[in-house]
Chemist: 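Structure provided below as structure tokens; questions to follow.
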Amino acid sequence: MEHPHSGEIECRIGTLKQGDHVCMVYENRAEQVAAAIPFILRGLEENECCLYVADDLTVAEVLEALSKRGVDVKREKDKGALRLFTKRDSYLRKGRFDPEEMIETLSTNTEEAVQSGFRGLRITGEMTWALGGEIGCDRVIEYEALLNRYFPGSNSLAICQYNRERFSPSIIRDVLRTHPIAILGNHVCHNLYYEPPEFLLSGGNDEERVSWMIAQLKRNEEAFVERRRAEERLAELDRKKDEYLAILAHELRNPLAPIRNIAAILRSGSLGHSQIEWCRQVIDRQVEHMSRLLEDLLDLSRLSQRKLYLKKERTDLKQVVRQAVETSRSVIDENLHRLEVSMPQEPVPVEVDSARINQVIINLLDNAAKYTDRGGTICVEVRTESDSALISVGDSGIGIDPVHLPNLFEIFSQVESVMQRSRGGLGIGLAIVRGIVEMHGGTVEALSDGPGLGSKFTIRLPLLAYERFETISENENDENPLSGFRILIADDNRDGADSLALMMESMGGSVRTAYDGDEAIEGIIGFRPHVAFLDIGMPKKNGYDVARLVRERHDGKEVVLVAQTGWGQVEDKRQAVDAGFDHHLVKPLELQAVLDVFARIRTSAKKQ
Ligand code: ADP
């Protein structure tokens, strides 16, 4: 079933929700149908039980209007979703009208609707029955006032239809005082003249009434101010969009001029091989530039529609940064900038879409090259900080006024106005940078001490913990019990270290040695051993210090640390545990004790 929505009134009717008590003061049948029929259609769409009390508009007319709008009336009636009543079936069931009884009936019908699987009850109907002479009809305003205690918070909503021609002005006045929302022609109004039920039922005192009226006026004014602010925001966006279109046209026209010139050159004929090659290169470059602009535009639209998808993989961030630096090198060299790159020795594991992060870094590097006068310096740094991997791109360029920093990553935000712009660009690069970084669960920030003082952009991405024992358990076999293990042995007694290394290598381990505390730390960071055997008494740093420093690092939590000491005192063991060791062995190491350590590691790796 399809209900085409058209017209303003239909839209506004669609915003009504359960709990609303609405009056419709209509002047003619067209107005009545224009609001009442969409109200019911919306209810059917929302899976509410819809009830219509017909009178002036007959049941047949309502059904016809609904089926014209595509409703399968019979099916909806059979389902119990559409129920049509006359005044005799509803308000005047007992030949008289009783407000309390009617509210009770509404409440029961709502409960029954919910129990039958509907979202609630939606009612509309003509109130012309109240014009009749039946007993209780004079209590209609009292009923309307009481409904304001019933509807809020209930699973039902209603539009009470009043024909302005047929009801007296005093009734219409009170109708407007008893409905928080009023439908008048095409308008769905928040009713300023609405009064809480107490005022109508018991009169209220003037003091309370004045307070209420003032509150209503203030609420109205606040809504008005809020709307005006929204309009101003929209106008500002519209202005920026126009400015942006001007930039876009300008940027897209730029590459066209050289291409057109080449066409003219080619037309002149009699070109040598080198000239044709030159022409080819110009076209290539300009087409490449243009496709990049278009690709950026498409990315921006994908990001704003949440249609940009990431292909994440585990990778070493250093590799991604290296690639980006290679790509941007030509722009950096062209501008005679000096490039400084600093990265940690060890890998920086992240789970990212490499192509997208590559794009982000290239964007920052290209900006750094673009916004720095010839012969400047660009610094790229990769480092880790607790659970984050950080990439920063700094330059000694034109810098950014701090007032522009907060909006730098917004779309349509460019520091220079259109007229001043001299360095090209669409002004959407940083919006894309932020979009992609945030999709990776990261952040990006810009820092600058001000114009002329350079800028620095820093991206923060979640760092992956090193995978523990990634290769060990697969390679187990009896002949090479240590196969798959990376092992570090640190001992200032070189013979001791080398012989232990030889022994472990003969059992399949991949072993490195270190002969003092500093070398031990370097080895653990660079070689990423699964297990490190550390002597305690070593030059530069003793074994306890090495263990402590390693454990403080985010990437030093997983390595299994084995202390080797000359003494097996309880105090030694306690100190070893405090420093972060997992095991404590007494020198000279016994083969079986060493094998036991590896067997335990293998078992715990399998359990993970
Ligand atoms: P574009 O470079 O195409 O204008 P971006 O979104 O990449 O668009 O950058 C937005 C604005 O931020 C730029 O117009 C420029 O004013 C400012 N900006 C970006 N990077 C730098 C930088 N490294 N140094 C100074 N200003 C920058």
Side-chain angles (χ1 to χ4, degrees), residues 237 240-241 243-255 288-304 308 321 324-325 327-328 331-332 334-341 356-381 391-438 443-459:
L237 263 182
K240 283 191 165 174
K241 188 202 70 204
E243 202 174 290
Y244 182 71
L245 284 177
I247 294 173
L248 186 59
H250 177 258
E251 288 298 313
L252 288 175
R253 204 185 293 125
N254 268 349
E288 171 64 29
H289 177 58
M290 225 162 158
S291 351
R292 258 214 315 273
L293 292 179
L294 292 175
E295 219 25 74
D296 273 359
L297 276 175
L298 285 175
D299 276 349
L300 192 72
S301 122
R302 285 183 196 118
L303 274 168
S304 63
L308 191 133
V321 174
V325 167
T327 312
S328 295
V331 194
I332 295 171
E334 260 167 41
N335 288 287
L336 308 176
H337 296 315
R338 196 152 45 88
L339 176 67
E340 290 169 10
V341 181
R356 288 297 180 184
I357 295 298
N358 186 50
Q359 172 188 0
V360 159
I361 301 164
I362 290 175
N363 212 314
L364 295 183
L365 281 168
D366 286 357
N367 272 354
K370 186 161 77 170
Y371 296 107
T372 301
D373 293 332
R374 279 173 102 74
T377 305
I378 295 176
C379 303
V380 178
E381 190 193 10
I391 315 152
S392 54
V393 176
D395 62 57
S396 61
I398 62 168
I400 301 163
D401 192 319
V403 295
H404 295 303
L405 288 176
N407 299 323
L408 211 59
F409 296 92
E410 303 292 328
I411 170 176
F412 300 152
S413 116
Q414 280 196 319
V415 171
E416 295 179 308
S417 75
V418 193
M419 302 311 289
Q420 297 167 315
R421 298 179 74 260
S422 50
R423 299 173 198 244
L426 286 179
I428 56 176
L430 290 180
I432 296 174
V433 165
R434 184 174 65 179
I436 293 179
V437 168
E438 287 183 352
T443 57
V444 54
E445 68 168 355
L447 284 178
S448 173
D449 288 333
L453 298 173
S455 324
K456 186 167 172 182
F457 289 79
T458 303
I459 291 172

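Every number for a ligand or one of its atoms is a count from 1 in the order of the listing.
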Chemist: Could you give the distance from CZ (R434) to CD1 (I432), rounded to the nearest 0.5 Å?
Modeler: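 Spacing of CZ (R434) from CD1 (I432) equals 12.0 Å.
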Chemist: I need the atoms of ligand 1 closer than 4.0 Å to a non-hydrogen atom of I428, numbered in the order shown.
Modeler: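 Answer for ligand 1: 6 (O), 8 (O).
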Chemist: Side chain, backbone, both or neither: which applies to K370 and ligand 1 if a contact is any heavy-atom pair less than 4.0 Å apart?
Modeler: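 Side chain only.
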Chemist: Could you note down all residue pairs passing side-chain hydrogen bond (donor to acceptor under 3.5 Å, both in side chains) where residues 359-369 supplies at least one of them, sequence neighbours left out?
Modeler: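 Every pair satisfying side-chain hydrogen bond (donor to acceptor under 3.5 Å, both in side chains) with a residue in residues 359-369: D299-Q359, S328-D366, R356-Q359.
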Chemist: Check each heavy atom of T372 against ligand 1 and say whether those closer than 4.0 Å belong to the side chain, the backbone, both or neither.
Modeler: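 Neither part.
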Chemist: Does ligand 1 have an atom that lies less than 4.0 angstrom from a heavy atom of G399?
Modeler: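 For ligand 1, residue contact (heavy atoms, under 4.0 Å) with G399 is present.
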Chemist: Measure the shortest side-chain to side-chain distance between L364 and L430 over non-hydrogen atoms and say whether it is less than 4.5 angstrom.
Modeler: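 The answer is yes, as the side chains (C-beta and beyond) meet within the 4.5 Å cut-off.
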Chemist: Quick one: pull up CG in L339 and CG in L365 and give me the separation to the nearest 0.5 Å.
Modeler: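 Here the interatomic distance stands at 7.5 Å.
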Chemist: Can you find an N or O of I398 that's nearer than 3.5 Å to an N or O of ligand 1?
Modeler: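 Among all N and O atoms of I398, none is under 3.5 Å from an N or O of ligand 1.
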Chemist: Should one rank N363, I400, N367 by closest heavy-atom distance to atom 26 (N) of ligand 1, which comes out on top?
Modeler: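 Checking each option, the heavy atom nearest atom 26 (N) of ligand 1 is found in I400.
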Chemist: Of all the atoms in ligand 1, which lie at a distance below 4.0 Å from a heavy atom belonging to L430?
Modeler: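 This gives 5 (P), 6 (O), 7 (O), 9 (O), 10 (C), 12 (O), 19 (C) as the contact atoms.
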Chemist: Can you name the side-chain contact (heavy atoms from CB on, under 4.5 Å) partners of L297, sequence neighbours left out?
Modeler: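 Only Y244, L248, L294, L426, I428 meet the side-chain contact (heavy atoms from CB on, under 4.5 Å) criterion with L297.
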Chemist: In this structure, does ligand 1 have an atom that sits under 4.0 Å from one of the heavy atoms of F409?
Modeler: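 Per 4.0 Å heavy-atom rule, F409 does not contact ligand 1.
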Chemist: Working to the nearest 0.5 Å, report the span between OG of S396 and CD1 of I378.
Modeler: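 Between S396 OG and I378 CD1, I get 7.5 Å after rounding to 0.5 Å.
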Chemist: Atom OG1 of T443 and atom CD1 of I459: how far apart are they, to the nearest 0.5 Å?
Modeler: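 One finds 9.0 Å between OG1 of T443 and CD1 of I459.
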Chemist: Show which atoms of ligand 1 fall inside a sub-4.0 Å distance from at least one heavy-atom site of L408.
Modeler: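 By the 4.0 Å cutoff, the relevant atoms are 12 (O).
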Chemist: Under 3.5 Å between any N/O of G429 and any N/O of ligand 1: does that happen in this structure?
Modeler: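 Among all N and O atoms of G429, at least one is under 3.5 Å from an N or O of ligand 1.
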Chemist: Evaluate G427 for polar contact with ligand 1, using N/O atom pairs at a separation under 3.5 Å.
Modeler: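 Between G427 and ligand 1 (N or O atoms, distance only) the closest approach is under 3.5 Å.
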Chemist: Nearest 0.5 Å, what's the CZ-SG distance between R338 and C379?
Modeler: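 Spacing of CZ (R338) from SG (C379) equals 7.5 Å.
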